[in-house]
Amino acid sequence: MTGMDVTFRRFTLAEADSLATFLTGEVWPYHANPRIDEDTVRRQTAAGHYDSDSARTFLIEVAGSVTGMLRVFDLDDGTPLFDLRIGAANRGRGIGTRAVGWLTDHVFTEFPQIDRIEATTRQDNHPMRAALRRCGYAKEAHYRKAWPTETGPPHDAVGYAILRDDWSTGTVTPPNFNDESG
Ligand SMILES: CC(C)(COP(=O)(O)OP(=O)(O)OC[C@H]1O[C@@H](n2cnc3c(N)ncnc32)[C@H](O)[C@@H]1OP(=O)(O)O)[C@@H](O)C(=O)NCCC(=O)NCCS
């Protein structure tokens, strides 16, 4: 949504309450653990899950209210991954797409040694896949029946990534999947 005032504020320990309220107040069906309890968030916070040498977290605010969170991790591993969550009441308003774009700019600007960013999601998570595509991520992987669920058969998982070169030139270079001679 154009004109919406979306800000990304780096999470600090002082904001553990805001983060816990946001994460425990929603159900996350596309995550391995759809419900998170407050103890878990506090334990994770104390253990550096949200902020450390290898991870950073940002609270996504619209008009001063926390409407989402973005956690990037494996920053010391060459290829970081990220977890993005927008509260149900605010989905479908373009915030997720803005967040993917902002995160991509942030990582490539702040970490000159990082040349690619990856994201894996469930095959049926169409909003996430659309946000990734719109931000220049290319589909690189399709893992059949790789995403177990408690209620039914496993889903497929899909992997996307963006390369620094593509980010800096505004292009999307798809992988060559037809590289087998027969
Ligand atoms: C996935 C998520 C981050 C996307 O954020 P969002 O703010 O809802 O997404 P946007 O409004 O930016 O929309 C992204 C795209 O999805 C499309 N979309 C939105 N809702 C949709 C739906 N129910 N079905 C299909 N497409 C949908 C939008 O039209 C847009 O595509 P477009 O750019 O081609 O028009 C958000 O929905 C979310 O937090 N979901 C729950 C947690 C989650 O799944 N996180 C990702 C884990 S990897």
Side-chain angles (χ1 to χ4, degrees), residues 1-11 18-37 40-41 44 49-50 54-75 77 79-107 116-152 154-162 166-167 170-172 174:
M1 200 176 277
T2 49
M4 190 170 38
D5 181 22
V6 182
T7 57
F8 300 89
R9 199 154 52 79
R10 186 155 174 193
F11 168 79
S18 297
L19 183 66
T21 302
F22 172 70
L23 288 174
T24 59
E26 307 267 346
V27 179
W28 305 103
Y30 291 106
H31 283 77
N33 300 313
R35 287 174 198 279
I36 307 180
D37 60 69
T40 304
V41 179
Q44 289 175 331
H49 181 75
Y50 298 104
S54 62
R56 285 185 184 186
T57 296
F58 300 88
L59 299 177
I60 304 170
E61 294 183 335
V62 176
S65 296
V66 176
T67 58
M69 68 84 79
L70 186 52
R71 173 177 165 262
V72 57
F73 54 100
D74 287 353
L75 282 163
D77 184 41
T79 298
L81 293 141
F82 64 91
D83 180 18
L84 169 62
R85 304 174 192 231
I86 306 296
N90 285 291
R91 289 180 201 150
R93 300 173 68 200
I95 302 170
T97 304
R98 294 250 297 252
V100 173
W102 182 88
L103 187 268
T104 308
D105 292 348
H106 176 82
V107 169
R116 55 182 273 123
I117 305 169
E118 279 181 17
T120 302
T121 193
R122 221 168 78 177
Q123 184 189 21
D124 60 342
N125 194 344
H126 299 294
M128 187 63 194
R129 296 181 64 175
L132 290 165
R133 276 197 306 273
R134 208 163 268 287
C135 292
Y137 284 67
K139 184 179 171 189
E140 289 188 338
H142 194 118
Y143 305 101
R144 295 169 297 166
K145 298 188 179 182
W147 195 293
T149 57
E150 281 179 7
T151 50
H155 288 267
D156 289 5
V158 286
Y160 288 77
I162 187 167
D166 275 4
W167 168 76
T171 49
V172 180

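Only this structure's heavy atoms are used, side chains among them; waters, hydrogens and symmetry mates stay out. All residue numbers refer to positions in the sequence shown, counting from 1. Atoms within each ligand, like the ligands themselves, are counted from 1 in listed order.
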Checklist entry - Under 3.5 Å between some N or O of ligand 1 and some N or O of Thr121? => result no
Checklist entry - For atom 34 (O) of ligand 1, which protein heavy atom lies nearest, and how many Å away is it? => result Arg134 NH2, 3.0 Å
Checklist outcome for this item: For Gly96, the ligand 1 atoms with a heavy-atom partner under 4.0 Å come out as 5 (O), 6 (P), 7 (O), 12 (O)
Checklist entry - Polar-atom distance check: Asn125 versus ligand 1, any N or O pair below 3.5 Å? => result yes
Next on the checklist: Just to be sure I read this right, does ligand 1 sit under 4.0 Å from the backbone of His31, its side chain, both, or neither, counting only heavy atoms?
Outcome noted: side chain
Checklist entry - Would you say the side-chain atoms of Asn90 and Arg93 include a donor-acceptor pair closer than 3.5 Å? => result yes
Next on the checklist: With a sphere of 6.0 Å drawn around CZ of Arg35, does it hold more than 12 non-hydrogen atoms of other residues, nucleotides or ligands?
Outcome noted: no
Item to check | Test side chain to side chain contact (heavy atoms under 4.5 Å, CB included) applied to Met128 and Arg122, step by step | outcome: CA-CA 9 Å; Met128 187 63 194; Arg122 221 168 78 177; over 6 Å; no
Item to check | Nearest atoms (heavy-atom pairs only) where Phe22 meets Arg85 | outcome: CZ-O, 3.6 Å
Item to check | For atom 28 (C) of ligand 1, closest protein heavy-atom neighbour | outcome: Ala130 CB, 5.0 Å
Item to check | Arg10 atom CZ, over 12 foreign heavy atoms within 6.0 Å | outcome: yes
Checklist outcome for this item: The protein heavy atom nearest to atom 13 (O) of ligand 1 is Thr97 OG1, 3.9 Å
Item to check | Flag if over 12 foreign heavy atoms under 6.0 Å of CG, Asn33 | outcome: no
Checklist entry - Does Met128, backbone or side chain, put an N or O under 3.5 Å from an N or O of ligand 1? => result no
Next on the checklist: Counting only nitrogen or oxygen atoms and a 3.5 angstrom limit, does Ala131 reach ligand 1?
Outcome noted: no
Next on the checklist: Does Tyr143 have more than 12 heavy atoms from other residues, nucleotides or ligands lying within 6.0 Å of its OH?
Outcome noted: no
Checklist outcome for this item: atom 11 (O) of ligand 1: closest protein heavy atom, distance to 0.1 Å, is Gly94 N, 2.7 Å
Next on the checklist: Within ligand 1, which atoms have a heavy atom of Tyr30 less than 4.0 Å away?
Outcome noted: 44 (O)
Checklist entry - Identify the closest protein heavy atom to atom 25 (C) of ligand 1: which residue and atom is it, and at what distance? => result His126 CB, 3.8 Å
Item to check | Intermediate values then yes/no, side chain to side chain contact (heavy atoms under 4.5 Å, CB included), Phe82 and Val107 | outcome: CA-CA 11 Å; Phe82 64 91; Val107 169; over 6 Å; no
Checklist entry - Under 3.5 Å, is there a donor-acceptor pair between the side chain of Thr67 and the main chain of Ile86? => result no
Item to check | Verdict with supporting geometry, Ile36 and His31, side chain to side chain contact (heavy atoms under 4.5 Å, CB included) | outcome: CA-CA 10 Å; Ile36 307 180; His31 283 77; over 6 Å; no
Next on the checklist: Does the protein place a non-hydrogen atom closer than 4.0 angstrom to atom 8 (O) of ligand 1?
Outcome noted: yes
Checklist entry - Which is closest to atom 18 (N) of ligand 1 by heavy-atom distance: Pro29, Ala88, Pro127? => result Pro127
Next on the checklist: Are the side chains of Tyr160 and Arg133 in contact, using a 4.5 Å heavy-atom criterion?
Outcome noted: yes
Item to check | Protein contact to atom 40 (N) of ligand 1 [nearest heavy atom, distance to 0.1 Å] | outcome: Arg91 NE, 3.4 Å
Item to check | Under-4.0 Å heavy-atom contact between protein and atom 15 (C) of ligand 1 | outcome: yes
Checklist outcome for this item: Among non-hydrogen protein atoms, atom 39 (O) of ligand 1 lies closest to Ile86 N, 2.7 Å
Checklist entry - What is the nearest protein non-hydrogen atom to atom 45 (N) of ligand 1, stated with its residue, atom name and distance? => result Leu84 O, 2.8 Å
Checklist entry - Are there protein heavy-atom neighbours of atom 2 (C) of ligand 1 below 4.0 Å? => result no
Next on the checklist: Within the 4.5 Å heavy-atom criterion, are Thr79 and Asp74 side-chain neighbours or not?
Outcome noted: no
Checklist outcome for this item: Gly92 heavy atoms within 4.0 Å reach ligand 1 at atoms 6 (P), 7 (O), 8 (O), 11 (O)
Item to check | Sub-4.0 Å atoms of ligand 1 with respect to non-hydrogen atoms of Arg85 | outcome: 39 (O)
Item to check | Geometric class of the Phe58/His106 ring pair [parallel <30°, tilted 30-60°, perpendicular >60°] | outcome: perpendicular
